[in-house]
Amino acid sequence: MNLKIALFGIAREIVGQPTLEVAAPQGQSAGGLLRELHVRYPELARLSSLAVAVNNEYAADDTLLQERDEIALIPPVSGG
Amino acid sequence: MTFFSPHFLSFLSLIHIDLTDQPIDVMAALQSVEADGAGAINTFIGTVRNRSTGRAVVRLEYEAYDSMALHQLRKVAEQATEQWPMLQRVTVVHRKGTLHIGDVAVVVAVSTPHRAESFAACQYIIDTLKQVVTIWKKEFYEDGDVWVAAHP
């Protein structure tokens, strides 16, 4: 399946584009996706934190991803 | 057909959330939490400071993941109304885009019957907003720029 991932802030700058399409096996988890992206973009691993959001909620590592999900990478937030 | 109880509807109208690329109207935010049952209105106004970690700040840029930021802001406000059921109204407005020194970046306004809960709820909302809401701040200095809190 193909996952479309929205990127924000420093994650967008590291990857160099606002969205990313990743081919993933069925049953890919949020944690699995992060590990793959850390390999592909080692600078992501240097961030204080990096979360995966699925459909506007923070996803646990074992959350399974679906092709229709709205997925985003969430680097350390700094609003306020 | 879905039925909502009158209580549920009034709960919804208690909370006002906004994310805007226009200057925040602070007085409008304050007026939005006025309520007959309120003896206290408490407001936090976050503004852009001219220094950060010892460097002179020229401007800030806020970037937001809008749909998630609005959803998470509403959740934070709802958590506050669960923790402080006496809350009359809650308004949270956050700015995005380019801001300069002194500009208002965020307003949290709450109203309660008595003052103690208004301080506690207002502080809970701004503190939790900073932890979970998907907004990112980039500081621009004379000689560079940094995404705040990105690296350890």
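Order of the sequence lines fixes the chain letters, A, B, ..., with proteins taken first and strands second; residue numbering starts at 1 for each chain.
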Minimum heavy-atom distance between B/Ala149 and A/Pro76, given as atom pair plus value: O-CB, 3.3 Å
Roughly how far, to the nearest 0.5 Å, is the NE2 atom of B/His71 from the CG atom of A/Asn55? 9.5 Å
So with a 6.0 Å cut-off around CD of B/Gln123, is the heavy-atom count from everything else above 12? no
What heavy-atom pair brings B/Ile126 and A/Gly80 nearest, and what distance separates the two atoms? CD1-CA, 4.4 Å
So, taking the atom named NZ in B/Lys130 and the one named OG in A/Ser78, what distance separates them when rounded to the nearest 0.5 Å? 8.5 Å
Say you draw a straight line from CD of A/Glu13 to CD of B/Glu63; how long is it, rounded to the nearest 0.5 Å? 8.0 Å
With a 4.5 angstrom heavy-atom cut-off, is it the side chain or the backbone of B/Val108 that approaches chain A, or both, or neither? neither
Would you mind checking which part of B/Ala69 comes under 4.5 Å of any heavy atom in chain A, side chain (CB onward), backbone (N, CA, C, O), both or neither? neither
Same cluster or not: are B/Ile125 and B/Ile15 linked, directly or through other Ile, Leu, Val, Met, Phe, Trp or Tyr residues, by side-chain heavy atoms under 4.5 angstrom apart? yes
Testing the basics here: between B/Pro152 and A/Leu47, what is the closest heavy-atom pair and its distance to 0.1 Å? CD-C, 4.2 Å
Check this for me: B/Glu142, atom CD, are more than 12 non-hydrogen atoms of other residues, nucleotides or ligands nearer than 6.0 Å? no
Applying the 4.5 Å side-chain criterion to the ILVMFWY set and letting contacts propagate, would A/Ile71 and B/Val132 be lumped into a single cluster? yes
Would you call A/Arg12 and B/Trp147 a side-chain contact if the rule is heavy atoms closer than 4.5 Å? yes
Can you tell which of B/Ala150, B/Ala64, B/Ala105 has the highest number of heavy-atom pairs within less than 4.5 Å of chain A? B/Ala150
Under the 3.5 angstrom rule, does the side chain of B/His151 hit a backbone N or O of A/Ser48 as a donor-acceptor pair? no
Honestly, the part of B/Lys75 sitting under 4.5 Å from a heavy atom of chain A is side chain
Work out which heavy atom in B/Ser67 is nearest to a heavy atom in A/Asn56; give both atom names and the distance. OG-OD1, 2.9 Å
So for A/Glu57, is it side chain, backbone, both, or neither that comes closer than 4.5 Å to the heavy atoms of chain B? both
Would you mind checking which part of B/Val133 comes under 4.5 Å of any heavy atom in chain A, side chain (CB onward), backbone (N, CA, C, O), both or neither? backbone
Take a 6.0 Å sphere around CZ of B/Arg115 and say whether it holds more than 12 heavy atoms from other residues, nucleotides or ligands. no
In the structure I gave you, are the side-chain heavy atoms of B/Tyr65 and A/Ile74 within less than 4.5 Å of one another anywhere? yes
Drop me the distance from B/Ile135's CD1 to A/Phe8's CZ, to the nearest 0.5 angstrom. 11.5 Å
Are the side chain of B/Gln131 and the backbone N or O of A/Val77 linked by a donor-acceptor pair below 3.5 Å? no
With a sphere of 6.0 Å drawn around CZ of B/Arg55, does it hold more than 12 non-hydrogen atoms of other residues, nucleotides or ligands? yes
Residue pair B/Met68 / A/Glu70, side-chain heavy-atom distance below 4.5 Å: no
